[in-house]
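Below is one structure, written out as structure tokens, with a few remarks after it.
Being a predicted model, the structure only gives us computed values, none of them experimental.
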Amino acid sequence: MFRYLIRRLLAAALIMLVITTITFFIFFALPSDPALLACGKTCSPSRLAEIKHSLGLDQSYLTQYWEFLKGLFAGRDFGDQSVRIHCGAPCLGVSFQTDTPVLTTLLSDFPADLSLGLGAAVAFLVLGVGLGTVAAVRRGRAADKTAVGIALFGVSVQIYFIGLLLLYLFVDKFQILPTSGYTSITEDPAGWFKGLILPWTTLVIVYLAMYTRLTRSSMLEVFAEDYMRTARAKGLPAATVVLKHGLRAAITPIITIFGMDVGSLIGGSAVITESVFGINGIGKLAVDSVQNSDLPVILGTTLFAATFVVLANVVVDLVYGLVDPRVRLA
């Protein structure tokens with residue numbers, strides 16, 4: 001297992017290097033001039049030259065790329081002798097808009113994404129697997145039809161619709177929950193929980209459909225296997241047959257999808273949810289950076305999200321061996 005983990009981590013590092021290379025050249029080797037974007041509309045040629053020199057944009061692309069990679073491990077300094085900005089490792093650059101290291105901005109917004117993504121993921125995994133299992137066990141009955149109906153509803157609605165509807169009902173009309181925004185759990189745990197109830201509910205409704213349908217179809221395939229009929233013939237309790245033998249064998253594809261969803265949500269993919277509920281997370285930061293043409297922040301948010309997706313895949317591969325002995329044997 002340890003050797004397998006080392007191989008997967010090395011493969012993940014190689015993938016991150018490829019993603020970093022592609023992302024860098026997409027954002028910095030395009031015809032648009034990052035220095036001109038940083039300088040603004042009223043920019044003199046002398047000021048433009050100063051910005052290019054301070055950002056290292058007057059060097060070749062390969063030199064810039066090498067400095068970027070070196071900054072990830074050793075940090076970098078930006079600016080001239082009069083105004084010097086140190087960007088500690090891992091350095092993702094300095095924002096054109098705020099002159100602050102990109103990593104500092106990402107880490108300040110990361111708790112919101114972590115709370116939103118992880119809380120919603122746990123909820124829709126438990127509810128989705130539970131509903132899908134009940135639907136498979138009660139196939140063709142009222143419970144099955146109810147679970148399928150819930151899944152169809154989740155597939156049909158959009159985040160911006162269900163989010164605004166929940167805001168209208170629970171914030172504006174009945175005033176049960178506070179207005180939109182994110183409160184740090186260290187400052188006010190109760191306010192943190194209340195502020196995330198509606199965003200969690202929105203993501204659960206949307207993602208619940210996929211996990212319910214996937215669990216139901218996987219469980220029905222497993223129920224048709226010979227070893228499941230043997231387990232029933234032995235007289236094992238129904239709960240043991242369904243949960244220990246059935247769900248354990250059917251959960252592998254669910255883990256795959258769940259790992260991808262968790263990695264993307266924590267990495268800032270819940271952009272619409274953050275915008276609807278006024279949460280200043282990495283997703284909203286990415287949108288704002290695109291609108292402001294802040295290329296270092298765009299690059300940083302892209303790499304930040306890719307890191308969590310890659311790490312989530314590594315964790316998923318390790319979990320496979322815990323839930324399915326056949327994977328360990330292979």
Side-chain angles (χ1 to χ4, degrees), residues 88 90 92 95 97-130 154 157-208 211 258-259 261-292 294 297 300-305 307-309 311-312 315:
L92 296 174
S95 171
Q97 300 294 322
T98 61
D99 290 332
T100 57
V102 174
L103 184 62
T104 302
T105 305
L106 291 173
L107 293 179
S108 65
D109 292 338
F110 177 64
D113 283 278
L114 181 63
S115 300
L116 176 63
L118 197 58
V122 172
F124 63 63
L125 175 66
V126 173
L127 293 176
V129 171
V157 297
Q158 298 295 326
I159 291 178
Y160 53 81
F161 169 76
I162 195 67
L164 293 176
L165 179 62
L166 292 176
L167 280 175
Y168 169 73
L169 291 176
F170 294 97
V171 177
D172 297 333
K173 187 173 182 63
F174 300 109
Q175 298 182 353
I176 299 175
L177 294 172
T179 55
S180 302
Y182 173 78
T183 303
S184 175
I185 189 173
T186 57
E187 297 177 1
D188 184 8
W192 169 84
F193 180 77
K194 291 180 181 178
L196 287 173
I197 289 178
L198 294 183
W200 282 340
T201 304
T202 302
L203 290 175
V204 167
I205 291 175
V206 174
Y207 280 87
L208 181 64
Y211 285 87
F258 181 70
D261 288 339
V262 171
S264 60
L265 285 174
I266 295 178
S269 68
V271 180
I272 301 177
T273 306
E274 293 176 8
S275 301
V276 170
F277 293 98
I279 298 175
N280 292 322
I282 296 175
K284 191 173 184 299
L285 175 66
V287 174
D288 294 339
S289 63
V290 171
Q291 294 175 346
N292 297 326
D294 199 343
V297 180
T301 53
T302 303
L303 295 179
F304 198 79
T307 300
F308 279 98
V309 173
L311 290 178
V315 174

Over all heavy atoms of both residues, which pair between [X] and [Y] is shortest? Give the atoms and the distance, please.
X    : Y    : result
A312 : G259 : CB-O, 3.1 Å
A305 : G267 : CB-O, 3.5 Å
G195 : P178 : N-CG, 4.4 Å
V262 : A121 : CG2-CB, 3.6 Å
A112 : G281 : CB-CA, 4.4 Å
S289 : A286 : OG-O, 2.7 Å

For this session: Let me know which of V276, V204, I279 forms a side-chain contact (heavy atoms from CB on, under 4.5 Å) with P199.
Result: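 The passing option is I279.
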Between [atom1] of [X] and [atom2] of [Y], what distance do you get to the nearest 0.5 Å?
X    : Y    : atom1 : atom2 : answer
D109 : T104 : CG    : OG1   : 11.0 Å
T105 : N280 : OG1   : CG    : 12.0 Å
I159 : L164 : CD1   : CG    : 11.5 Å
T307 : L311 : OG1   : CG    : 6.5 Å
L265 : L114 : CG    : CG    : 11.0 Å
D113 : I266 : CG    : CD1   : 9.0 Å

Any residue meeting side chain to side chain contact (heavy atoms under 4.5 Å, CB included) with [X], in chain and number order, not counting sequence neighbours:
X    : result
V290 : I298
S275 : V271
S115 : Y182, W192, L196
L303 : I19, T20, T23, F68, L92, L299

State, with a plain yes or no, whether a side-chain heavy atom of [X] is found less than 4.5 Å away from one of [Y].
X    : Y    : value
T273 : L203 : yes
V171 : L198 : yes
F277 : L116 : no

For this session: Sort and list the pairs that fulfil side-chain hydrogen bond (donor to acceptor under 3.5 Å, both in side chains) and have at least one residue in residues 193-207, not counting sequence neighbours.
Result: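 Every candidate side-chain hydrogen bond (donor to acceptor under 3.5 Å, both in side chains) pair involving residues 193-207 fails, so no pair, neighbours aside, qualifies.
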Exercise. Residues two or more places apart in sequence or in another chain: which of them pass ring pair (Phe, Tyr, Trp, His ring centres under 6.0 Å) with F304?
Worked result: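 Partners of F304 by the ring pair (Phe, Tyr, Trp, His ring centres under 6.0 Å) criterion, ordered by chain and then number, come out as F110, F308.
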